[in-house]
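Structure first, commentary second.
Heavy atoms only: backbone and side chains are in, while hydrogens, waters and symmetry mates are out. Numbering of residues begins at 1 and proceeds along the displayed sequence. Computed from a prediction, not measured in an experiment: that's the story for all the values here. As the structure lists them, so they are numbered: ligands from 1, and atoms in each ligand from 1.
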Amino acid sequence: ALVSLRQLLDHAAEHGYGIPAFNVNNLEQIQAIMQAASSTDSPVILQASAGARKYAGEAFLRRLVEAAIESYPDIPVCMHQDHGASPAVCQASIRSGFSSVMMDGSLMADMKTPSSYEYNVAVTRQVADMAHCVGVSVEGELGCLGSLESGQAGEEDGSGAQGVLSHEQLLTDPQQAADFVARTGVDALAIAIGTSHGAYKFTRKPTGDILAIDRIRAIHERIPTTHLVMHGSSSVPQEWLDIIRNHGGDIRETYGVPVEEICEGIKNGVRKINIDTDIRLAMTGAMRRSMMQDTAEFDPRKFFKEATAAARQICQERFEAFGCAGRA
Ligand code: G3H
Ligand code: 13P
Ligand code: NA
Ligand code: ZN
């Protein structure tokens, strides 16, 4: 059944677990996630970015999710719009049947100026008013996602324009989070706590201090009923990087957020964990390997099947590690 983000995350908070939110663009990714959820009895958050809607088309995405819900009637599914750039985008997603939308007012806002904070409050508030009327949940974002190691903002946050940011600029301010939540009424809040989007998060192997755990705790204390969201949560599995490299792929040395650190975040209040890159890496690795091993094969279903199995494995591992298994 289709459920809202608020419904899923309230349950997660009550029972102290986290829910992975996987990005989806096509049939194979949706099937992989649903198979993993079904085999582990986990609730599901499927999220679609603007890029996903451009790739698949709004009608295809909507019907694929409908098919997932029809095929797995016992699994609660939240259909969430990832990184909405404007109230108009959120409105279109609500009309399309999404049960949750993210208004990312931090995309446009340069958080260093007070007026951009006011912009973020205004657009997020507008979306919350609109969405809550029809039972749709809202995620906002406050802060600039970026790696504490490099001081580089993530791919989507205009690192070129902003340059290298200080430690403090890369962390969400708890006091501002409290003000933002009081003024917007969001159900969930994406916070900057040391993660960034994409495959290239950290240049050195993390040693247990990637996330600003004290900051997570401080924010959670200020806004205990607003669910914390961690973007950029891919772990960038080294075994998939090796498989890609060993089958003609070219990926530089890189590290992601270790699963154990995510679990520490969950213990301190993180409830929604956004993962896209890990599924991309696993599917690419599986397809490269399959194509190189079976060079006479030309039925694409063979490659897609391997890719689906690889993505499914990643999803199962995350459902289990985050305490989501058995909660559907
Ligand atoms: O936050 C970004 C997600 O990884 C989606 O990426 O915009 O390439 O679909 P995308
Ligand atoms: P990753 O790039 O770490 O998978 O993060 C995805 C994300 O945050 C989508 O909103
Ligand atoms: Na941001
Ligand atoms: Zn994100």
Using only heavy-atom distances, determine whether the side chains of H132 and D187 contain a donor-acceptor pair under 3.5 Å.
yes

Do the charged groups of D299 and K302 touch, with an N to O distance under 4.0 Å?
no

Electrostatic pair E253:R245 at N-O distance under 4.0 angstrom:
no

Ligand 1 atoms nearer than 4.0 angstrom to some heavy atom of H83 are 1 (O)

Both conditions, 6.0 Å and 45 degrees, for the charged tip of R204 above the ring of Y255: are they met here?
no

Interfacing atoms of ligand 1 (cut-off 4.0 Å, heavy-atom, D276)
3 (C), 4 (O), 5 (C), 6 (O)

With a 4.0 Å cut-off on heavy atoms, is Q47 touching ligand 1?
no

Taking the Zn ion (ligand 4) as the apex, NE2 on H197 and NE2 on H83 give an angle, to 10°, of 100°

Checking contacts here: is it the side chain or the backbone of M102 that comes within 4.0 Å of ligand 1, counting heavy atoms only? Could be both or neither.
neither

Interfacing atoms of ligand 2 (cut-off 4.0 Å, heavy-atom, H83)
10 (O)

By atom name, which N, O or S atom of H231 is the nearest to the Zn ion (ligand 4)?
ND1

Contact atoms of ligand 2, heavy-atom distance to D82 under 4.0 Å:
9 (C), 10 (O)

Do S106 and E141 have side-chain atoms, one donor and one acceptor, less than 3.5 Å apart?
yes

Numbering as shown, the atoms of ligand 1 that approach S49 to under 4.0 Å (heavy-atom distance)
5 (C), 7 (O), 9 (O), 10 (P)

So which pairs with a foot in residues 318-328 pass side-chain hydrogen bond (donor to acceptor under 3.5 Å, both in side chains), sequence neighbours left out?
D278-R318

Under 4.0 Å from a heavy atom of I275: give me the atoms of ligand 2 that qualify, with their elements.
4 (O)

Any side-chain donor-acceptor pair under 3.5 Å between E139 and H83?
no

Would you call E58 and R62 a salt bridge, using N to O less than 4.0 angstrom?
yes

Heteroatom proximity flag, T277 to ligand 2, N/O under 3.5 Å
yes

Show me which atoms of ligand 1 lie under 4.0 Å from any heavy atom of N23.
3 (C), 5 (C)

Before we go on, tell me: are the rings of F319 and F22 under 6.0 Å apart, centre to centre?
yes

Is any side-chain heavy atom of L211 closer than 4.5 Å to one of E264?
no

At under 4.0 Å between heavy atoms, what of A199 touches ligand 2? The answer is neither

Which atoms of ligand 1 are found less than 4.0 Å from any heavy atom of D82?
1 (O), 3 (C)

Taking the side chain as C-beta and beyond, is there a heavy-atom pair between I45 and K272 under 4.5 Å?
yes

In ligand 2, which numbered atoms sit nearer than 4.0 Å to a non-hydrogen atom of N23?
9 (C)

Considering the heavy atoms of G232, write down every atom of ligand 2 situated less than 4.0 Å from one of them.
1 (P), 3 (O), 5 (O), 7 (C), 8 (O)

What are the atoms of ligand 2, with element, lying closer than 4.0 Å to any heavy atom of K201?
1 (P), 2 (O), 3 (O)

Atoms of ligand 2, numbered as shown, that sit under 4.0 Å from any heavy atom of H231
8 (O), 10 (O)

